[in-house]
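A short worksheet on the structure shown next.
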Amino acid sequence: MSRTSQQHSVNGSTQTRASDVYGTLIFSGDTMLKRLPSDVYASLQKTIQDGRALDPAVANTVAVAMKDWAIDNGATHYCHWFQPLTGMTAEKHDAFLSILGDGTAIEKLSGSQLIQGEPDASSFPSGGIRDTYEARGYTAWDPTSPAFLLRNPGGVTTLCIPTAFVSWTGEALDKKTPLLRSIRAVSEQAMRILKIFGTDKGVNQVVATLGCEQEYFLIDRELFKQRLDLMITGRTLVGAMPPKGHQLDDHYFGAIPDRVISFMSKVEERLFELGVPVKTRHNEVAPGQYEIAPTFELSNIACDHQMVCMHVLKMTAREHGFECLLHEKPFAGVNGSGKHNNWSLATNTGINLLDPREETHHNLQFLTFLCGVIRAVDTHADLLRASIASAANDHRLGANEAPPAIMSIYLGSMLTDILDQLEGSGPKKTIKGGELDLGAGTLPLLPRAASDRNRTSPFAFTGNKFEFRAVGSTASVAWPNTVLNTIIAESLDAIATEIEKKAGKNASAAKLDATVRAVLKEIVKKHRRVCFDGDGYSEAWHKEAEKRGLPNMRSTAEALPAFDTKKARDLFNKYSVLSSKELHARAEVLMELYVTVVGIEARTLATMVRTQILPAATRAQCELADAVGSSRAAGVECPDEENALRSWVNSLAKMRAALAELEKAEAKEYDDTAKHMRQCRDEVVPAMAKLRELCDGIEKWTPADLWPLPTYAEMLLDR
């Protein structure tokens, strides 16, 4: 909804300044400079800023300095903090305290302990890479992401060292390793484009930059604990709509309630201490829904900071008597939550390569990167869609609060006009935004952007970046950015190769210019079908997208098989992002996750219906039957009550039948995960929806004193 700051931090300076304001809970910037010898600091900075290999000789010195800093700040333990394929973070805490052979106790963190850890690799999802008896795995220090101190509400402080996680055989078992590989891949291909234009002087790498807006709900924690569905699944599996939702649009950007602003302020304070540069806070569309947004950072650090942000939101909410709900659709019929993924490319010298500048039609380098994105999204729309697929996101995509499942690009009128020119005789002008005169002398003339914004587009250009709006609010953004970086790398590779082949070596400026224009013209002709500036929610667009041949994968079950194709294997293999085995493992893990989540939800709903809703509805039926019986005994005709009783009995009979249908569908077992996933989509999910509809109908007529669950009105409207 809101835009993140346009600032691009490509050297870590933003996070260092933020941390200096509130404390030093990250081992970065000035903290490292003060505690490390100058030569060690310089060596480590080359690794962090220039992407060079880590010098093992510096590890011991860094480890001692990091340990001393952590202990000075109250830490007693350290952990290798990593992101397994669960989609969450993992950590195993080890004490600094060590006992020597003579019984002497010392506090120690060696270089080898800093660089490498050894968690159990068979207890995390591996998609078949590791079996139960194959337990060895390794964590490897990622020096490009700052170590940080995490303090829990009880005051316990732990040094967290961001790491990659791989198996004993070397395959990646996490989300960080392929992300780092994809960052390298897109840098290599982007550098080829810069070399073609002669703008690579002084640039040694291109970095992906990222800013992720996070939407979330807050509800009273005491109400949360009364809802089995929220505690187990993160969303309400039953619940009738309240009389008032967000129909009046009075919550969006409204005054933030006092209790909520207190929570937000504490979250921001903690995030600043951890070097997470948050920028924006506001009420979102739905009652009880809010948003926090950061400034831009290097994508690897931004992905780590996103996981930290979600942890801090959850932890701080409980201290303030709230529960923070990060689920994509915690309340049916109410706006869900996303995580808008604002992505761009920049040189390590700080130049944003997706900034169109003033006279865009002259900026062939920008147009080349733009066409690279267009080609990538069109060619690999299936992979981009699959990268954000989950059981939770299925409830949100296309639901008039999130983009549809059709991957398309919004460019706006200025860039659309330039594409028209590219297809013709070549770009010769740039549409200007002009100024807005508001007609009041006291109000200033407002500079107007050359293009509008489009909230229905899943992949929208928003001035100097692309906003991938379809990412779910619970997701680790590492995976969609791995996919995005990889498909962009492939596209830039294809463009650079075509230009180099057609222009030849030592081409004159005129020939190079003509070649680039010709190559871009062909890309626009072939791939602009993916560009759409209109209403993504409209039925007309769905029909038009089908005519254009764009895929429309409405569910996770349709989307995930894209990762298990020859096309996908060839892509990720070519750029050394994932081997065929690693890619297959991720497809398997994601399918298993879908099946597991749907199964947990189905069993939770069945439990609630059997133990809470049916008993309450039966008591309500008894009260109604008593009223009918008493009226009859008194000789009073009560046809309305009698009809209501018959209807109630029929509704409960339907509910019991629907419950049996759900339990039968959920109990089915399959050896083939893909088949089981499709069965969950085709049988279990519809059975849950049918049972929910009956429950929600019963809720509307059950006396308030008998209904066993906090209602939507209680959870969403009371602040």
Side-chain angles (χ1 to χ4, degrees), residues 219-245 247 287-288 323 325 329-334 600-666 684-718:
I219 68 167
D220 192 279
R221 181 154 172 78
E222 290 305 311
L223 298 177
F224 168 82
K225 291 192 291 186
Q226 296 174 47
R227 298 273 320 204
L228 187 67
D229 48 5
L230 283 178
M231 288 195 296
I232 293 178
T233 72
R235 75 180 182 101
T236 55
L237 302 176
V238 294
M241 283 294 294
K244 177 183 180 295
Q247 300 97 322
E323 185 68 25
L325 304 179
K329 195 76 170 179
F331 302 99
V334 176
I600 290 171
E601 289 184 346
R603 292 190 295 276
T604 302
L605 176 57
T607 299
M608 292 175 68
V609 172
R610 275 190 276 103
T611 64
Q612 293 180 299
I613 296 172
L614 269 174
T618 302
R619 286 193 292 271
Q621 177 182 309
C622 290
E623 287 190 0
L624 184 55
D626 287 343
V628 171
S630 299
S631 297
R632 285 176 176 172
V636 177
E637 295 295 327
C638 53
D640 290 343
E641 286 78 4
E642 290 174 358
N643 289 335
L645 180 58
R646 290 190 191 95
S647 176
W648 197 269
V649 171
N650 288 335
S651 294
L652 295 197
K654 290 178 182 178
M655 188 184 295
R656 291 187 180 93
L659 173 59
E661 181 183 334
L662 173 61
E663 291 181 319
K664 180 180 177 181
E666 193 280 322
V684 180
V685 171
M688 289 177 64
K690 180 179 178 180
L691 181 55
R692 176 183 188 136
E693 184 178 0
L694 291 165
C695 291
D696 293 353
I698 287 290
E699 179 186 344
K700 293 175 183 178
W701 290 96
T702 301
D705 63 320
L706 294 181
W707 188 250
L709 304 169
T711 65
Y712 273 28
E714 291 171 316
M715 290 185 288
L716 291 172
L717 302 178
D718 182 13

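Starting from 1, each residue takes its place in the sequence as its number. Note: hydrogens, waters and symmetry copies are ignored here, and every other heavy atom, side chains too, is used.
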Checklist line | Listed partners of Y712 passing ring pair (Phe, Tyr, Trp, His ring centres under 6.0 Å), at least two apart | finding: F331

Between [X] and [Y], is any pair of side-chain heavy atoms under 4.5 Å apart?
{"X": "M608", "Y": "V238", "value": "yes"}
{"X": "Q621", "Y": "L652", "value": "yes"}
{"X": "R227", "Y": "I219", "value": "no"}
{"X": "E666", "Y": "M688", "value": "no"}
{"X": "L691", "Y": "L605", "value": "yes"}

If you take all heavy atoms of [X] and [Y], which pair is closest and at what distance?
{"X": "L325", "Y": "L230", "answer": "CD1-CD2, 4.0 Å"}
{"X": "L223", "Y": "E714", "answer": "CD1-O, 3.5 Å"}
{"X": "M231", "Y": "K225", "answer": "CE-O, 3.5 Å"}
{"X": "A332", "Y": "K329", "answer": "CA-CE, 4.5 Å"}
{"X": "Q226", "Y": "L709", "answer": "O-CD2, 3.9 Å"}
{"X": "A687", "Y": "E661", "answer": "CB-OE2, 4.5 Å"}

Spacing of [atom1] belonging to [X] relative to [atom2] belonging to [Y], to within rounding of 0.5 Å:
{"X": "K690", "Y": "M655", "atom1": "NZ", "atom2": "CE", "answer": "12.5 Å"}
{"X": "I232", "Y": "T604", "atom1": "CD1", "atom2": "OG1", "answer": "4.0 Å"}
{"X": "T618", "Y": "I613", "atom1": "OG1", "atom2": "CD1", "answer": "11.5 Å"}
{"X": "C695", "Y": "L237", "atom1": "SG", "atom2": "CG", "answer": "10.0 Å"}
{"X": "Q612", "Y": "L228", "atom1": "CD", "atom2": "CG", "answer": "6.5 Å"}
{"X": "S630", "Y": "E641", "atom1": "OG", "atom2": "CD", "answer": "11.5 Å"}

[X] and [Y] ion-paired at < 4.0 Å:
{"X": "R632", "Y": "E642", "value": "yes"}
{"X": "R692", "Y": "D696", "value": "yes"}
{"X": "E663", "Y": "R610", "value": "yes"}

Determine yes or no for a side-chain-to-main-chain donor-acceptor pair under 3.5 angstrom, with [X] supplying the side chain and [Y] the backbone.
{"X": "E623", "Y": "R619", "value": "no"}
{"X": "K244", "Y": "A713", "value": "no"}
{"X": "T233", "Y": "D229", "value": "yes"}

Checklist line | side-chain contact (heavy atoms from CB on, under 4.5 Å) involving T702 - partner list, sequence neighbours excluded | finding: A620, W648, I698, L706, W707

